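Here the structure is laid out as C-alpha cells; the discussion comes afterwards.
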Amino acid sequence: MSRTYEFGINWFHPGLSRETAEKLLLNECTEDGSFLIRECNSAVGDFVLTLLHQNNVCHYQIRRHGGDAFFSIDDKVKILHGLESLVEFYQMASNGLPTKLTTFVKKDLPPNDARRHGSTNLLHRATKENNATIVGELLKCGYRNVDAKNQDGQTALHLAAIHSDDVILKLILATDVNVNCMDAFGNMPLHYACRTKPDFFIRNLIDAKANVQGRNIKNGYVPLHEASKHGNLEAVKVLLESNAPLLPRTTSGEFPIDLAREAGQDAVVDFLSEFKLPAAKTKRSLWYHGTLTREEAVDSLQRFMRNANLSLKEKDKDREISSDNEVAKEESPVDSSGCFLIRYSDRSGYVLTLLFEGQVKNFIISRSHLVEHFMHFNDGLPINLKYAVPPEPKPPQPLLSTLPRNKSHNKKLNNTNVTTDNTGVAETVPTALVSKKIKSNAKSPPEKKRKDTANVILSNFLKIKLKDPANSDEKPTSTVEPGISQRMIEEFPCKGLSFSSNFSELSVEKLKLDANSADVNKVSALNEMYNVPKNNTAVPTHDGSETVLSYQGTKYQDKDIGPDDSYTNRPNRGENEIPNTDDDHSKLNNKIISDSFEGLHINNTPKNIRENACFDTSSISSPQSDIFNYFSVDVANYYIPYDNIELGELIGEGEFGSVYRGRLKEYNPGINDNFQEEIAIKTLRDEHCHYSKDDFLREASVMIRLKHHCIVQLIGLSKADTLMMIQEMVPLGSMLSFIQNNRERIDPNRELKLWASQIAYGMQYLESQHFVHRDLAARNILLASCHQAKISDFGLSRALGSDKDFYEAQHGGRWPIKWYAPESYKIGIFSHSSDVWSYGVTLWEMFSLGETPYGDMLGSEAVNLIEDGKRLSQPTYCPDNVYSIMENCWQYNPKDRPTFNFLTEFFIKDPDYQNIIELVKSKSIR
Ligand SMILES: Nc1ncnc2c1ncn2[C@@H]1O[C@H](COP(=O)(O)OP(=O)(O)OP(=O)(O)O)[C@@H](O)[C@H]1O
C-alpha cells in the first residue's frame, strides 16, 4: 500500500465529540461534502460520519455488521469492508447522502480493526508457501500479531486453510488466534478449509471452536455450502457429525444440496439426499413444563438456581470437613446464564424462557430439534442452552367447560385479580386464568412433596452438569401436554407457526436501542441524531391555498362527505367513465388486463393451465404490443380455469362482490408457484358495471406485482359467470372483526405490537415497489394467525410513476376520508407519507380495540377537527409511546411523519419477546 494512499485516509478523529466535530467543520471547511469520521459514543464499535452540506453539519451513523470490519450507513444501499472502502464509496457518488464526500479534516488513520486490509507480512508469506519451519520459528519467538491481515483481509489462519497442511494449522491454532475472523470476501478460515481440506484438518479447526455455522456476510454461505459446492464429501461428513444444520440457506435461498447439484457434485448430492438426521439426544421431559405462565416460569428457573447454589454450598461444607486442616476452596456460585425451560403459553404457543446475565428472555419457538440445536449453537441467542430444568408434577388441566369465559371488554380494569402465590408474593393475573390458578393452588403438592420435587430437580441438574445429558437415565418427573391447545385451535388458532434459525436479518445494531425502554422520545431523538439518507416523504409542499380552494370549490363539497360508512363518495366520477384514467401507467395496464382477460376465457380448457392460459396475442394490435407482451406473461401465468376451482361457503361480503372459501382442485407444479390448496375466491358482483369491473381488475393488476409475507397473495384470476380473484386463504379474516370479537384476549403489548410491525413491514415493501395503498385501515388487514397480519384490499392502490414520489388523483371516488391525510382530502395528493397517516389511524383502531375513528362524526366534521389542529385522543389501553407514534403519523406536514422503515423497527423493539424481529421478518411464519 502506498504512503500517498495512507495519507489519503487520515480523516479519522478519535475521541472527538459531536459538538467539537461540528465546530471543526464549520470553522475549517467551506466546501460542500467536507467531512470527518469519529467514534460513536452511544454504540461501541460504530462510527459517525460528520458532513458539511450547505453550511449545515449532518451526522450519519456508520454501523458495524458483526465483529469484523464491515460497515454501512444504509445497509440497503451497501455494506462495505473497511472504513476506507466506505469513504471511497461515498466519495465516488452521494449514494443517498445529500452530497458526495469531498475534502476532509486531517487527523489520524482509521483504527486497524476497522480497516479493509493490512499488508502481507512474513507469517503470511511463510504460511502461503507452506513452510512449517519458518512459521514455527516465527511463532516461537512470540510473533507480534497472529491476527494481522493481508491486503485481502486474510489472516495467517485463512492462508493456512487455503494453502497449508495440518502441521502449520496446528502451529497457528496453538496460539491465541481468532478462529472465526472474516476476510474481505466474507469468509472465515473454515469456509476455505471445507473446499479442499481432508477431514482431520477440518476437525482440528472445529475442535479449536471454528463456527460450523459461520455465515459469509455477502452470500450467506456456511461451511456446509462450501463443502457441498466443492464436492468435499469428507468435509460434509465432518460438518454434519459436528451438528451443523443440514438445511441452511444462502442469501439467495439455496440449500447445500442445491449448490452440489448445480456444481455436478453427484457424490455429495447422493449423500445429502440420503442423509437422515440422527435422533435427538435431548428429551422433552428434561425441559418441557406444559402450560406455565411467564411468572411461574421465572419462579421455576430462580428456584432451580437457588437449589443448585445451595447444593454447591453443601458440597463445600462437606469438603471442608473431610479435608482436615487443608483450606477448602469455596466454589463460585453457578452461573445462571443458559438456564432454561420450555413452556406452553395460551397466547404464544411454545416459548423458551432463558436466563442470561440475571435477566429473563422469552423466545417464541416451535420446532422439535430446536432445543438440541441451541444446545450446540447459540445462533442469535446470547448463550448456548446449558442446564435444562425439568418440570415439576402438575395437576391435570381443568376441562374446557370448567373455564369461565370473561366477556368484559374492560380487560385491564375489570379483568384482573390479585392472588398470592406460595411464596407470598402478590401477583396480578387475568381472571380468565384465575380459575386455573385457584384449581392449581387447591391441588398443589404439600410442602414435603415440593421439597422432594426440588431434590429431583437438583439431582437432575447435577447429573446434567457433571455428565452428558444424553446419558441421564432419570425418569421424567412429569410432563403436562399443552392442555388448552384445543381451546386455542378453536378460538385463537396459531396455524403452523414456525421458527427460523436464520438470523441473517437480525441486526444487532438495530436492536441496540434498549428494547426495554422503548421510550419514544429516546427513539425519536436517536432518529434525529442521524439523518437517514433517504426518506419516504414524497409530497412536495404544494403550497397552494389556491389549488386547495379551487379544488374544494369546484369538486369537493362538504355535502359529499356523507355519514361515515368509512368511505365517502366524491363527485366527478360517472359510471360511464371507462376506465378511470387516474394515471397513464395503470390506465394502460388496466385496459390490457381487461381485454386480455376476455380472451383468456374464450380460449381456456381446464387440463393444462399454462398451455391454455395464453390468449390470442395475434389479435392484439401492435402499438402497445411491447407492453402487452410484458404484461401478458404475468396475466397468462395467473389465469386459472374455472374447472380447477371448487367453490365453498361464503366468508365475506365486499363492496363489489362476495368472498368465498374454496379449493384448487388440480395442481400443475411449477406452473404457478403461489399454489395453495385452500383459497379465498373474491367475485365481482356486477360484471357489467364498468366502474366496479375496472376497479376489480385494477386491484388484481396491483396484487399481481406484489409478493410479500405481510401482504395477501394473489394466486390467480378466473372467470365463470363473473370475474374472480383467487387469493391465498387468510384464515382468521379481518383484523378489525378479530379484535372486536377477542378484546379480552388481546394484549396491546404483544399481538398488537406484532401486527403493527408486520403492517409497517408490508407497507415498507409496498413503498419499495412504488405503490401507494390509499386504503390502509384495520378492516383491510387480514390475519393468517395470531402471529401474522397481512395487508389486503388494493382497490384504491396506485403505482407511482418512475419520476414521481406521489400520486395525484384527478377524480373523486369513494374515499375513506377519516383515514386520509390533509393533503389527500384537500388536494388529492397520495404518497407513502399519506399512507403513514392512515397507518396512524389504523393503529388507533387497533389500540382502541376496534372502535370507529371519530365515533359517529361525519367525515366533514373529522376534517374540520384535523384542520383545527385536533387529533384522535389516546385510547385507554394504548401505551404512551405508541400514542406518540400515532401523533407523529398525524403531523400536518407530510415531511414530519415517520417512515414505514422507522415504524417497523419501532414496533419490533418489543420488550416481551426477543425474537419479534423474526416473527415480523421471517417469511416462514404464517
Ligand atoms: N384472502 C382472504 N382470505 C380470507 N378471508 C378474506 C380474504 N379476502 C377477503 N376476506 C374476507 O372477506 C371480507 C370482505 O373482503 P373484501 O376485500 O371483498 O371486502 P372489503 O374489505 O369491503 O373490500 P372492498 O373495498 O373491495 O369492498 C373481508 O373482511 C374478510 O373477512
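Each ligand, and each atom within it, is numbered from 1 in the order the structure gives. A quick note: this is a predicted structure, and the numbers were derived from the prediction, not measured. Along the sequence shown, the residues carry numbers beginning at 1.
Residue-to-ligand polar distances place Val730 within reach of ligand 1: an N/O pair is separated by less than 3.5 Å. No N or O atom of Arg779 sits closer than 3.5 Å to an N or O atom of ligand 1. Residue contacts with ligand 1: Lys682 is placed with a nitrogen or oxygen under 3.5 Å of a nitrogen or oxygen of the ligand (distance criterion only). The N/O atoms of Asp775, backbone and side chain alike, include none that comes under 3.5 Å of an N/O atom in ligand 1.
Counting atoms of ligand 1 from 1 in the listed order, those under 4.0 Å from a heavy atom of Gly652 are 12 (O), 13 (C). Those atoms of ligand 1 that come under 4.0 Å of a heavy atom in Ile651, given as number and element, are 4 (C), 5 (N). Proximity to Leu782 (heavy-atom distance under 4.0 Å) selects the following atoms of ligand 1: 1 (N), 2 (C), 6 (C), 7 (C), 8 (N), 30 (C). Shown in contact with Ala680 at under 4.0 Å from a heavy atom are these atoms of ligand 1, numbered in order with element: 1 (N), 2 (C), 3 (N). Near Asn780, with a cut-off below 4.0 Å to any heavy atom, the atoms of ligand 1 are 21 (O).
Under the ring pair (Phe, Tyr, Trp, His ring centres under 6.0 Å) criterion, the residue pairs touching residues 762-782 are His708-Tyr765, His773-Phe794, with sequence neighbours excluded.
Ligand 1 is approached by Glu728 to a heavy-atom distance shorter than 4.0 Å.
For Arg745 and Glu751, the salt-bridge test fails: no basic side-chain N is under 4.0 Å from an acidic carboxylate O. With salt bridges taken as basic N to acidic carboxylate O contacts below 4.0 Å, none links Glu678 and Arg663. A salt bridge links Arg743 with Glu851: the distance from a Lys NZ or Arg NE/NH1/NH2 to an Asp or Glu carboxylate oxygen falls below 4.0 Å.
Using cut-offs of 30° and 60° on the angle between ring planes, the pair His709 and Tyr761 is perpendicular.
The option from Glu653, Met725, Met735 that lies nearest to atom 14 (C) of ligand 1, judged by heavy atoms, is Glu653.
By the criterion of a heavy-atom distance under 4.0 Å, both the backbone and the side chain of Ser734 are placed next to ligand 1.
Phe830 pairs with exactly one of Trp815, Phe806, Trp837, Trp819 by the ring pair (Phe, Tyr, Trp, His ring centres under 6.0 Å) rule, that one being Trp815.
Shown here for Glu699 and Asp793, the closest heavy-atom pair between the two residues is OE2-CA, 3.4 Å.
Ser734 pairs by the side-chain contact (heavy atoms from CB on, under 4.5 Å) definition with Leu736, Ser737, Leu782, not counting sequence neighbours.
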